[in-house]
Amino acid sequence: MRAKSAASALRLPRAWKAQIRSAVLHVLSLAHAAIAEARGRVGETGTAARLRIENDRLRQEIALLREEIRIKDARMSQLAPQRRPHYPATERMAILELRAARGWSLAQTARAFLVTSLTIATWMRRLDDEGPHGLVILREPVNKFPDFVGYLVRRLKTLCPSLGKAKIADTLARAGLHVATTTVGRMLKEQHLPKLSPRADVAETSAKPRRIVTAKRPNHVWHVDLTTVPIGSGFWTSWLPFALPQHWPFCWWLAVVVDHYSRRAMGVSTFTAQPKSADVCAFLGRTIGDVGSAPKYVICDKGPQFWCAGFKRWCKHRGIKPRFGAVGKHRSIA
């Protein structure tokens, strides 16, 4: 009775039934404006409130994207499977990448993209077909190994946005691809950098001041770097959890110091695990003692052993100026 009396007390406009669809759109627009107004006041609240509002915004975005996908799928499902447009070769590869990232089965993948399980199985079976007319093709040409690694890094970041640079490097290491964290960061930045014309590139390079260290005599500029030397069959095994860690008895860590002027190897040392900054400083100290002279400059990368306060403090105590090289630059690193 209360519900009936409340409904009868509600005043409705004339001919309201003729404007139902317009009213729905107006209500949703008002809701969007109200939510935007509430989120605009986030700066006046604390951190916890901002996090709650951001979480609410992401939930709403997920709900809207799901509704958008449902609408598109409803349109495509009206067609018979034989009359639906085919996916391009590059999109087939993207579907298989998404399947691997989500851990879907053939049936789940087929249901999500409105194809049959046999179609997905055929794509998997012909995954490594050669030639430009292959059934599955990568979006980017990866004829060189660095291009292949860069493609993997970018796709990992796209399909798993929560992965950071260090985690992506660890994941690739478990797959047998050993890439430094700084290299992963550089590869992620490459996809956002616009390609410059040759003239603009030359003009930009000439405008920057040259800060290249030139070796004028022996023991003036030293290069130091670390690498791994696999033992037996190397790092490569199957996938998780059988990937081998980067330490003894699967590999040696090798440190080498090279004189830039004479190209002579000044010192070599091995470690059973990835050396720390103190180990590298001790190795350089032994090398300086054996040679009887310290360099003016030491050029290295930005690994954790070098890019730290301990290594810089050691260099300052010895009167050495550390220089950190840039990948791909002439006379930058060893």
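In this chain, residues are counted from 1 in sequence order.
Criterion: ILVMFWY side-chain heavy atoms under 4.5 Å apart, direct or through other members. Under it, Trp104 and Ile120 are part of a common hydrophobic cluster. One hydrophobic cluster, built from ILVMFWY side chains closer than 4.5 Å, cannot hold both Tyr261 and Ile320; they sit in different ones. At a threshold of 4.5 Å between side-chain heavy atoms, the hydrophobic network of Ile, Leu, Val, Met, Phe, Trp and Tyr places Leu118 and Met124 in two separate groups. Both Leu159 and Val153 are part of a single hydrophobic cluster, where members link through side-chain heavy atoms under 4.5 Å apart. Residues Ile95 and Met76 are members of separate hydrophobic clusters, defined by side-chain heavy-atom contacts under 4.5 angstrom among Ile, Leu, Val, Met, Phe, Trp and Tyr.
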Applying side-chain hydrogen bond (donor to acceptor under 3.5 Å, both in side chains), run through Thr119 and Thr116 and close with a yes or a no.
-> CA-CA 5 Å; Thr119 300; Thr116 63; 2.8 Å; yes
With ring pair (Phe, Tyr, Trp, His ring centres under 6.0 Å) as the test, would you mind laying out the steps for His220 and His260 before giving the verdict?
-> CA-CA 8 Å; His220 183 218; His260 186 85; 9.6 Å; no
For Trp307 and Phe324, what are the C-alpha separation, side-chain angles and deciding distance, and is it a ring pair (Phe, Tyr, Trp, His ring centres under 6.0 Å)?
-> CA-CA 8 Å; Trp307 189 251; Phe324 302 97; 4.8 Å; yes
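In terms of modelled atom types and a separation under 3.5 Å, the side chain of Gln108 and the main chain of Ser105 share a donor-acceptor contact. Of the possible polar contacts, none joining the Glu97 side chain to the Arg155 backbone as a donor-acceptor pair under 3.5 Å is found. Judged by distance alone, with hydrogens and angles left aside, the side-chain atoms of Arg92 form a donor-acceptor pair with the main-chain N or O of Leu135 at under 3.5 Å. Proximity of a side-chain donor or acceptor of Arg84 to a complementary backbone N or O of Leu114 within less than 3.5 Å is detected. Put simply, the side chain of Asp259 gets close to the backbone of Asn219: a donor and an acceptor are under 3.5 Å apart.
Contact check for Met93 versus Ile137: no side-chain heavy atoms found under the 4.5 Å cut-off. No side-chain heavy atom of Lys167 sits under 4.5 Å from any side-chain heavy atom of Ser162.
Shown here are the side chain to side chain donor-acceptor pair (under 3.5 Å) partners of Lys316, two or more places apart in sequence or in another chain: there are none. Contacts of Phe283 classified as ring-ring contact (aromatic ring centres under 6.0 Å, His included), with partners at least two apart in sequence or in another chain: none. By the side-chain contact (heavy atoms from CB on, under 4.5 Å) test, Arg313 is found to be paired with Ala309, residues two or more places apart in sequence or in another chain being considered.
Aromatic ring pairs are classed by plane angle as parallel below 30°, tilted from 30° to 60° and perpendicular above 60°; the pair Phe113 and Tyr87 is perpendicular.
Counted within 6.0 Å of CG on Asp128, heavy atoms from surrounding residues, nucleotides or ligands total 12 or fewer; the atom is thus considered open. Crowding of Lys276 atom NZ: a count of heavy atoms from other residues, nucleotides or ligands under 6.0 Å not exceeding 12.
We find that Arg57 and Glu61 are not joined by a salt bridge, their nearest charged nitrogen and carboxylate oxygen being 4.0 Å or further apart.
The cationic group of Lys296 does not satisfy the cation-pi geometry with Trp222, failing either the under 6.0 Å distance to the six-membered ring centre or the 45° limit from the ring axis.
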